[in-house]
Asks: 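Dropping a structure here in structure tokens format, bear with me for questions.
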2 protein chains.
Amino acid sequence: MNEKNVSCCPVERLLGVVSGQWTAYLLWVLHQNGPQRFGALQKLIPGISTKVLTERLRMLEASGLLLREQAATIPPQVTYSLTPRGLELRALMDGLGDVARRWDAEGWRPPVR
Amino acid sequence: MNEKNVSCCPVERLLGVVSGQWTAYLLWVLHQNGPQRFGALQKLIPGISTKVLTERLRMLEASGLLLREQAATIPPQVTYSLTPRGLELRALMDGLGDVARRWDAEGWRPPVR
DNA sequence: CTGGATCCCTCAGGATACTG
DNA sequence: CAGTATCCTGAGGGATCCAG
């Protein structure tokens, strides 16, 4: 979040990992659709660049939320899945989806900046 | 989140509002401490600049999550509180805090980028 | 297919000074 | 007290090309 994720506050630390662009959405997609391959994620997240997708996956892997499994085949088969720790976000993700859909149904729209 | 918050996906739309730097933390602070004045928020969120705090408050107000009340006194008294819609995030905020504290107690630390 | 490597560029966000 | 008004920087992110 702020400086180098060396915040003293647990909430800030967690948010620091999850609040990058696409990050929360990426996690949400994985919660909704289960383990996915790189290409599949690109299709599930229209508009994300390979660079950013790679960065996010690496960072979430380093955070212990994501598992990267590479099959030694040609062409390579790489699958990303949530670790047990990643799965602990399940309730949060569900809650997020619930609120989002409810507000959407109520006609709520964010400001147009 | 991505372009101009004109995403088709409800989840993306909600995240677009909440995912700016400090934003989620600001909401969390308001949930934890109740209505606060500008100066109090600055103290509760060490490191945030007046500019960014102002921006976030304005954007959340425009989103209907926050209420801004100004007393016509001198010096001015401005209080920010969560609207009913903002309060609907309560469960999410609590869940966030729970996970953050638990992981923290487990010794979890984000990667040092 | 799954990325790594580059280049480029915008703009979010920080710092500072000033005002009603 | 509660903000505006500027200026400026850097890093986040897009596009493209290349490689194992």
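Just so it is clear: chains get the letters A, B, ... in the order the sequence lines come, proteins before strands, and each one is counted from 1.
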Asks: Taking side chain to side chain donor-acceptor pair (under 3.5 Å) as the cut-off, I'd like each qualifying pair that reaches into residues 29-39 of chain B, sequence neighbours left out, listed once.
Replies: B:R37-B:Q77
Asks: Provide the closest heavy-atom pair for B:A24 versus B:M93 in the form atom of the first, atom of the second, distance.
Replies: O-SD, 4.2 Å
Asks: C:dT2 P sits how many Å from A:R58 CZ, rounded?
Replies: 12 Å
Asks: What is the distance, to the nearest angstrom, from the CD atom on A:Q36 to the P atom on C:dT2?
Replies: 11 Å
Asks: Is the phosphate of C:dG3, meaning OP1 or OP2, less than 4.0 Å from a side-chain N or O of A:R68?
Replies: yes
Asks: Would you tell me if any nitrogen or oxygen in the side chain of B:Y80 comes within less than 4.0 Å of OP1 or OP2 on D:dC1?
Replies: no
Asks: I need the NZ-P distance between A:K51 and D:dC18, as an integer number of Å.
Replies: 18 Å
Asks: Please tell me which of the listed nucleotides, D:dG3, C:dG14, C:dG3, lies nearest to the side chain of B:V78?
Replies: D:dG3
Asks: To the nearest Å, how far apart are A:Q70 CD and C:dG3 C1'?
Replies: 10 Å
Asks: For the side chain of A:P76, counting heavy atoms from C-beta on, which of C:dC1, D:dA2, D:dG14 is nearest?
Replies: C:dC1
Asks: Might you point out which heavy atoms bring B:L67 and B:T83 nearest each other, and give the distance in Å?
Replies: N-CG2, 3.8 Å
Asks: For B:Q77 and C:dG20, what is the distance between atoms CD and C1' respectively, to the nearest whole Å?
Replies: 15 Å
Asks: How would you label the contact of A:T54 with the nucleic acid (heavy atoms, under 4.0 Å): base, sugar-phosphate, or nothing?
Replies: sugar-phosphate
Asks: Without decimals, in angstroms, what is the distance between B:Q21 CD and C:dA15 P?
Replies: 11 Å
Asks: Rounded to the nearest angstrom, tell me the gap between atom CG in A:L53 and atom C1' in C:dT2.
Replies: 10 Å
Asks: Got a donor-acceptor contact below 3.5 angstrom from the A:T73 side chain to the A:P75 backbone?
Replies: yes
Asks: Which of these nucleotides, C:dC1, D:dT16, C:dT2, is closest to any side-chain atom of A:F38?
Replies: C:dT2
Asks: Ignoring backbone atoms, establish whether A:Q42 has a side-chain N or O less than 4.0 Å from OP1 or OP2 of C:dT2.
Replies: no
Asks: Less than 4.0 angstrom between a side-chain N/O of A:R37 and OP1 or OP2 of C:dG3, yes or no?
Replies: no
Asks: How many Å lie between NZ on B:K43 and P on D:dC1, as a whole number?
Replies: 6 Å
Asks: Are B:R90 and B:D94 within salt-bridge range, i.e. N to O under 4.0 Å?
Replies: yes
